Number of protein chains: 2
Amino acid sequence: MKSQQVLAYAAGMAERKSDRTRAAILAAARERFGADGYERATIRAIAADAAIDPAMVIRYYGTKEKLFAAAAEFDLRLPDLRDVPRDQLGEELIRHFLTRWEGDDTLRALLRAAMTHETAADRMRQLFTDQLAPTLRELLVDAPDVRAGLVASQALGLALVRYILQVPPVAGLSHDDAVAWLGPTLTRYLTAPLP
Amino acid sequence: MKSQQVLAYAAGMAERKSDRTRAAILAAARERFGADGYERATIRAIAADAAIDPAMVIRYYGTKEKLFAAAAEFDLRLPDLRDVPRDQLGEELIRHFLTRWEGDDTLRALLRAAMTHETAADRMRQLFTDQLAPTLRELLVDAPDVRAGLVASQALGLALVRYILQVPPVAGLSHDDAVAWLGPTLTRYLTAPLP
DNA sequence: CGCATTTATCAACGCTTGTTGACTTTTACT
DNA sequence: AGTAAAAGTCAACAAGCGTTGATAAATGCG
């Protein structure tokens, strides 16, 4: 064991020289994947953004596919909804999504890439299967997965129109207005009786 | 003027030999763009689908970009909504979208390509600006464009989750169930007082 | 210092892409 | 039949891609 590692371990932070470049690569990758999608985001461009050699990207992440897998790790960080009044579930959710999405390129990268890349689409489905659906399952009794799917459709539709297509009237909506419009929709999907 | 053209003109149909291949290319292009997105849909693959030489594709459409532009022509064919009762506007709209989308690859092609290709994103915005928004503007008095944008967000979100990501609970929804769930949402977006 | 390990550089590879131009076959009219 | 136009074929190009391996520089320890 190298002494640097020992010191780092003692100090509570395992910081190597390479960790900074790893992080730089990952940040550049998220940005590029988010802006250009999977195929147009070239390793060469990502490397240029991180001000390093393209070969380094491969050296650290093995392959473009694995780099994307690392860059597309995303946690919705859903809040605890058990104490939220039933008629405010939608508002709470949509407000959370809005703040979670902005300031993090990851979801945009995932969404863009999911259109053309099967791995990304799988990740997106996992987001639904492993995070959204289980959380909502704790709150709902009948058909929780259908309700979760409906919530996803409106939430992702908003992300699509607002961040990707940037259709003016929706892209320009304030958080409060978006919550006021979409909140009741999600609440109804979660609480209305089955058709 | 060639006699074939004269005859064709007299018969009311200008059918050349090339028209069939043109159409075959366009159909194959829509299918491939819809399945793979813009960059992964190669001209070679499209040509193979149409059982034709790749050079023919260029000969007929000039460039991949122009081929896409031709393949992405799409008419929503929105019905006349002026006679529909206000509280059924959403149901009518969502049912129309569902039937319009299925059996035509064009919208899927547009949606997939719009994520990574600026031309496609422009087309998508034009769909909104030139077709959806004007139609709804005839029916609504206050903030018609915002309402149209909200309708688009839910409609496209449904297409995304159902046709592209294919999240099981939503992909498996019957038309009637989808209409029952989403109809009231769109109706509210169109008729509810501003927040 | 000397040396081993980590980190970075460079040029090149094999492959696929869109696109082109020269050429041959088919078509349809005089 | 002869011929000019249309339709189709073929091989090749330049460029860009992900990826590799040999090699150089930097780093930190004894």
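Excluded from the calculations below are hydrogen atoms, water molecules and symmetry mates; all remaining heavy atoms, backbone and side chain alike, are included. Please read these numbers as outputs of a predicted model, since none were measured by experiment. Each chain gets a letter, A, B and so on, in the order its sequence line appears, and its residues count up from 1.
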Out of dG8(D), dT9(D), dT19(D), minimum distance to the side chain of Lys64(A) belongs to dT19(D)
Of the listed dT19(C), dA7(D), dC17(D), the closest approach to the Arg59(B) side chain comes from dA7(D)
Taking OP1 and OP2 of dT19(D), is either one under 4.0 Å from a side-chain nitrogen or oxygen of Thr63(A)? yes
When rounded to the nearest 0.5 Å, the distance separating CG of Leu160(B) from CG of Leu160(A) is 6.0 Å
Original post:
Which is true for Tyr60(A) with a 4.0 Å heavy-atom rule: it touches a base, it touches only sugar-phosphate, or it touches nothing?
Top reply: sugar-phosphate
Would you kindly say whether Asp104(A) and Thr106(A) are connected by a side-chain donor-acceptor distance under 3.5 Å? yes
Taken to the nearest whole Å, CZ/Arg22(A) to P/dT7(C) is 9 Å
Rounded to whole Å, CD1 of Ile58(A) lies from P of dA22(D) at a distance of 17 Å
Separation of dA26(D) atom P from Ile52(A) atom CD1, nearest Å, is 17 Å
- Task: Answer yes if the side chains of Ser153(A) and Gln154(B) hold a donor-acceptor pair under 3.5 Å, and no otherwise.
- Result: yes
Separation of dG18(C) atom C1' from Arg32(B) atom CZ, nearest Å, is 16 Å
Closest to the 5' end of DNA chain C, once Asp53(B) and Asp53(A) are matched to their nearest nucleotides, is Asp53(A)
note: Ile25(A), atom CD1; dT19(D), atom P; distance rounded to Å ~ 13 Å
Taken to the nearest whole Å, OH/Tyr61(B) to P/dT20(C) is 17 Å
Of the candidates dT17(C), dT19(C), dG21(D), the side chain of Pro54(B) sits closest to dT19(C)
Taken to the nearest whole Å, CZ/Arg20(B) to C1'/dT27(C) is 16 Å
| Taking 4.0 angstrom as the limit, do Arg147(B) and Asp142(B) come out as a salt bridge? | yes
From CD1 of Ile43(B) across to P of dA15(D) the rounded distance in Å is 18 Å
Of the listed dG8(D), dT9(C), dT20(C), the closest approach to the Met56(B) side chain comes from dG8(D)
Quick one: is dG8(D) close enough that its OP1 or OP2 comes under 4.0 Å of any side-chain N or O from Thr21(B)?
yes
I'd like to know if the side chain of Glu39(A) pairs up with that of Thr116(A) as donor and acceptor (distance under 3.5 Å, no hydrogens or angles considered). yes
Is a donor-acceptor pair below 3.5 Å formed from side chain Arg44(A) to base dG16(D), judging by atom type as modelled? no
